Amino acid sequence: MLLKEVKFACLDTETTGLSPLEGGRICEVAVSVSQGGRPVDEFATLVNPQMPMHPDVIAIHGITNEMVKTAPVFAAVLPKLAGILDGCVVVAHNADFDLAFLRYEFEQCGMKFPPCPVVDTLKLAKKSGRFEKNRLGFIAEKLGISAAGWHRAMADTKMAEQILYYFLVELSKHGVTTLEQLEPFQTKRWKDLVVNQ
């Protein structure tokens, strides 16, 4: 599929912990859908995790127990979220983290997270070898992208989205125009792939 025709759903979650297997839950989720660099749709909401958040976690993302007290639970958010992701390629920075939480939350609601292609901007950054550090905010600042609001879901989503399109422009210079051509650049060093084209 041509990259210019792909609907990319960049997403980010903020959570109460590091793993759903250790009791962590989603407390905020954001999605920004674009196609060919143009915005298509977006959605963001706080989520009531139905558990108190530790001060150490609150210090990272700034979402307080008071803020999520009247927010919808994940089951109420799921239909909108599933609808916006339908037919999209999911994009996230450190996608394994976000997808682990989303799969868990979907399962808790008796549903399966929809199978879809995934593009991880963290993996693209690492394999590109272009950055001394691969944290989202660091890469954004290096590329002249605002890192304001880092660690809030929509701010992180918008950063990942701009980073994705930076990579797509760079890779297009080497003839990468389809989703199938893009996928290896997440698992192999760019210079090796470009040399072998």
Side-chain angles (χ1 to χ4, degrees), residues 8-32 42-86 88-127 131-140 147-161 163-164 183 186-187:
F8 288 108
C10 290
L11 62 80
D12 183 66
T13 61
E14 299 303 328
T15 65
T16 66
L18 295 176
S19 168
L21 301 177
E22 295 170 7
R25 301 295 298 269
I26 290 175
C27 60
E28 187 178 38
V29 63
V31 183
S32 177
E42 66 178 44
F43 172 63
T45 183
L46 290 168
V47 178
N48 186 335
Q50 300 176 284
M51 62 183 296
M53 288 187 284
H54 193 276
D56 291 348
V57 173
I58 294 169
I60 294 170
H61 50 51
I63 299 167
T64 65
N65 290 306
E66 193 63 30
M67 288 166 68
V68 296
K69 193 173 168 184
T70 57
V73 296
F74 191 85
V77 170
L78 190 151
K80 173 72 174 174
L81 190 58
I84 204 169
L85 294 176
D86 186 44
C88 291
V89 170
V90 168
V91 180
H93 197 78
N94 192 13
D96 292 343
F97 178 88
D98 296 291
L99 291 178
F101 276 92
L102 285 166
R103 287 186 181 112
Y104 177 82
E105 296 284 7
F106 270 66
E107 283 169 15
Q108 294 304 109
C109 299
M111 288 183 66
K112 283 202 168 201
F113 188 77
C116 53
V118 176
V119 175
D120 190 334
T121 53
L122 174 60
K123 289 177 181 174
L124 286 172
K126 283 181 175 177
K127 294 303 177 182
F131 306 97
E132 308 92 78
K133 299 173 190 169
N134 294 302
R135 294 195 317 273
L136 180 66
F138 180 85
I139 295 170
W150 188 13
H151 292 307
R152 286 301 301 270
M154 187 52 87
D156 289 3
T157 293
K158 291 295 189 182
M159 275 188 270
E161 187 172 64
I163 291 166
L164 168 71
E183 287 173 344
Q186 300 182 85
T187 56

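It should be emphasised that the depicted structure is a prediction, and the values quoted were computed from it without experimental measurement.
Of the possible donor and acceptor atoms, one in the side chain of Asn48 sits under 3.5 Å from a partner among the backbone N and O of Lys69. Side chain of Asp98 to main chain of Thr13: a donor-acceptor pair is present (N/O by atom type, distance under 3.5 Å, no hydrogens or angles). Proximity of a side-chain donor or acceptor of Glu161 to a complementary backbone N or O of Cys10 within less than 3.5 Å is not detected. Not a single donor-acceptor pair under 3.5 Å links the side chain of Thr121 to the backbone N or O of Leu164. Side-chain atoms of Gln186 come within 3.5 Å of backbone atoms of Asp120 as a donor-acceptor pair (strictly under, hydrogens ignored).
Contact annotation: the side chain of Phe74 approaches that of Leu102 to within less than 4.5 Å [non-hydrogen atoms, C-beta and beyond]. Counting heavy atoms from C-beta outward, Tyr104 and Ile26 have side chains that stay 4.5 Å or more apart. Using a 4.5 Å heavy-atom threshold, the side chains of Leu136 and Asp12 count as separate. Within the 4.5 Å cutoff, no side-chain heavy atoms of Arg103 are placed close to those of Pro20. At a threshold of 4.5 Å between non-hydrogen side-chain atoms, the residues Leu11 and Leu81 do not count as touching.
The pair Arg25-Glu105 counts as a salt bridge, with a side-chain nitrogen and a carboxylate oxygen less than 4.0 angstrom apart.
Just one residue in the list Val29, Asp156, Leu46 forms a side-chain contact (heavy atoms from CB on, under 4.5 Å) with Glu14, and that residue is Asp156.
Shown here are the side chain to side chain contact (heavy atoms under 4.5 Å, CB included) partners of Glu42, two or more places apart in sequence or in another chain: Ser32, Met154, Lys158. Taking the ring-ring contact (aromatic ring centres under 6.0 Å, His included) definition, one finds that Phe8 meets it with nothing, sequence neighbours left out.
Of all the heavy atoms in Trp150 and Ala155, the pair that sits closest is N-CB, 4.3 Å. Contact detail for Cys88 and Cys116: the closest heavy-atom pair is O-CB, 3.7 Å. The nearest pair of heavy atoms linking His93 to Asn134 is NE2-O, 2.8 Å. The heavy-atom pair separating Ala76 from Pro72 by the smallest distance is CB-CB, 4.0 Å. In terms of heavy-atom proximity, Ala140 sits nearest to Met159 at CB-SD, 3.6 Å. Cys27 and Val68 make their closest contact through O-CG1, 3.9 Å (heavy atoms, listed as atom of the first residue, atom of the second, distance).
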N/O donor-acceptor pairs under 3.5 Å from side chains in residues 52-62, not counting sequence neighbours:
{"from": "His54", "atom 1": "ND1", "to": "Asp56", "atom 2": "N", "distance (Å)": "3.0"}
{"from": "His61", "atom 1": "ND1", "to": "Ile63", "atom 2": "N", "distance (Å)": "3.0"}
{"from": "His61", "atom 1": "NE2", "to": "Thr15", "atom 2": "O", "distance (Å)": "3.2"}

